[in-house]
There are 2 protein chains.
Amino acid sequence: MATADPDRPGFLLPLLLLAGFRTLIDDLHAELARQGHSDLRPLHGFVLQAVGPDGTTASELGQRLGVSKQAAGKTVDRLVALGYLERADDPRDARRKLVRMTERGYDGLRRSAVIFDQLRDRWAATLGPERVAAIEDDLRAVTPANWFRLDVPGWFGA
Amino acid sequence: MATADPDRPGFLLPLLLLAGFRTLIDDLHAELARQGHSDLRPLHGFVLQAVGPDGTTASELGQRLGVSKQAAGKTVDRLVALGYLERADDPRDARRKLVRMTERGYDGLRRSAVIFDQLRDRWAATLGPERVAAIEDDLRAVTPANWFRLDVPGWFGA
DNA sequence: TACGATCGTCAACGTGGTTGACGAAATAGT
DNA sequence: ACTATTTCGTCAACCACGTTGACGATCGTA
């Protein structure tokens, strides 16, 4: 059974994962603020990513993010107020309201992608590229696949 | 400069770190609920850890957790209401209110430590112990040291 | 056509955080 | 010994993000 190593107690693992995540997110937003996006909050990047290049609706956005449609709607409200998203009527279904990125939304998302790549390079410079890749592979292996619903292939690089 | 690998875009790294963290936390709380601690929220484990065996005050707790003393005070209020913490007067300083763990608080923290160790073993069974250790070492290397103010040596194993 | 499912929204609420103010108590300085 | 400053806890107002429940409008279907 559990042969806990006293030198490496299990509670350090979540703490280190959180630390790594928060470090990247904090560095990202410090740089984003420097580039004119000081009003983007940590959550917003995930939301923009989930909206994607084709847009969605609030209900679908909620499903992608794993929250209620009401919560998704309120987050869209804020991002509309900040100028990152816009709403439009769906001509084929009067109930639906399309949610699309504005040019500012695209800009924030593009810059986030570039900055994240640079931060990953910084980790690679410290650890070596193969160890960064190993972290990614290992975490993929122990993490449920539904954590990656945000993947929008072919969207980021450009 | 940034030689981004299109197969491993940088934004996957924070997503995977978050996924790993949330997976561990979700599994922890599912098991804690099974063991009679369904009212413990993800934050509470960090707070109990930061209170430690000797107790603290709300102000000091806020510093340890990196939040304001008011936020720390409100969280203590909730944990007192749930029976995990208790307040006591400091005989040497009438301004201070000592915050201590109750027996229920100790129980929740002990169980969390055991469960975390088991979850780490589960990762080790999938990845191999040396790769789990490598993740921890790597994350330590790229993460500011002040992320580990919660370390209370010698407290957990027992 | 009538019914049930779906979409967006409103309302009320919970949790975790912020800043500002303020009285009470400890401490430093003269 | 008496001020002046600092510190501690708390109150109040507010913000961000989430929940559940309800409800009118609209769509698809029996």
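In what follows, chains are A, B, ... by sequence order, proteins preceding strands, each numbered from 1.
Scanning for side-chain hydrogen bond (donor to acceptor under 3.5 Å, both in side chains) contacts around A:R41 gives an empty result, with sequence neighbours left out. Evaluation of the side chain to side chain contact (heavy atoms under 4.5 Å, CB included) rule for A:R95 yields A:D93 as partners, not counting sequence neighbours. Legend: residues meeting side-chain hydrogen bond (donor to acceptor under 3.5 Å, both in side chains) with B:D77, ordered by chain and number and at least two apart, are B:R87. Remark: A:R78 pairs with no residue by the side-chain hydrogen bond (donor to acceptor under 3.5 Å, both in side chains) rule, at least two apart or across chains. B:E130 pairs by the side-chain hydrogen bond (donor to acceptor under 3.5 Å, both in side chains) definition with nothing, not counting sequence neighbours.
In this structure, the CZ atom of B:R92 is 19 Å from the P atom of D:dT7, given to the nearest Å. We find that CZ of B:F46 is positioned 13 Å from P of C:dG16, with the value rounded to whole Å. Protein atom NZ of A:K97 is 13 Å distant from nucleotide atom P of C:dC7, rounded to whole Å. With rounding to whole Å, B:E60 atom CD is found 13 Å from D:dT7 atom C1'. The nearest whole Å value for the distance from the CZ atom in B:R41 to the P atom in D:dG18 is 13 Å. D:dC15 atom P lies 16 Å from atom CG of A:D39, rounded to whole Å. Remark: C1' of C:dG16 and NE2 of B:H44 are 9 Å apart, rounded to the nearest angstrom.
By the neighbour-count criterion of 12 heavy atoms within 6.0 Å, atom CZ of A:R22 is sparsely surrounded, having that number or fewer from other residues, nucleotides or ligands.
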Please table the atom pairs, donor to acceptor, closer than 3.5 Å between any side-chain atom in residues 69-76 of chain B and protein atoms at least two apart or in another chain.
from: B:T75; atom 1: OG1; to: B:A71; atom 2: O; distance (Å): 3.2

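Across residues 83-90 of chain A, not one residue has a non-hydrogen atom less than 4.0 Å from an atom of DNA chain D.
Of the listed residues (B:L109, B:L40, B:D39), just one forms a side chain to side chain contact (heavy atoms under 4.5 Å, CB included) with B:R104, and that residue is B:D39.
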Report summary line: Expected string for nucleotides 17-25 of chain C under the B/S/- scheme (protein heavy atoms, under 4.0 Å, primed atoms plus P, OP1, OP2 as sugar-phosphate) is BBBBB---B
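Applying the ring-ring contact (aromatic ring centres under 6.0 Å, His included) definition to pairs two or more places apart or across chains, none involves residues 109-146 of chain A. Screening residues 49-59 of chain A for salt bridge (charged side-chain N to carboxylate O under 4.0 Å, His left out) gives no qualifying pairs among residues at least two apart or on separate chains. Identified under the ring-ring contact (aromatic ring centres under 6.0 Å, His included) test for residues 78-103 of chain A, with sequence neighbours left out: A:H37-A:Y84.
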Would you tabulate the pairs of protein nitrogen or oxygen atoms and nucleotide nitrogen or oxygen atoms of nucleotides 1-4 of chain D closer than 3.5 angstrom?
none

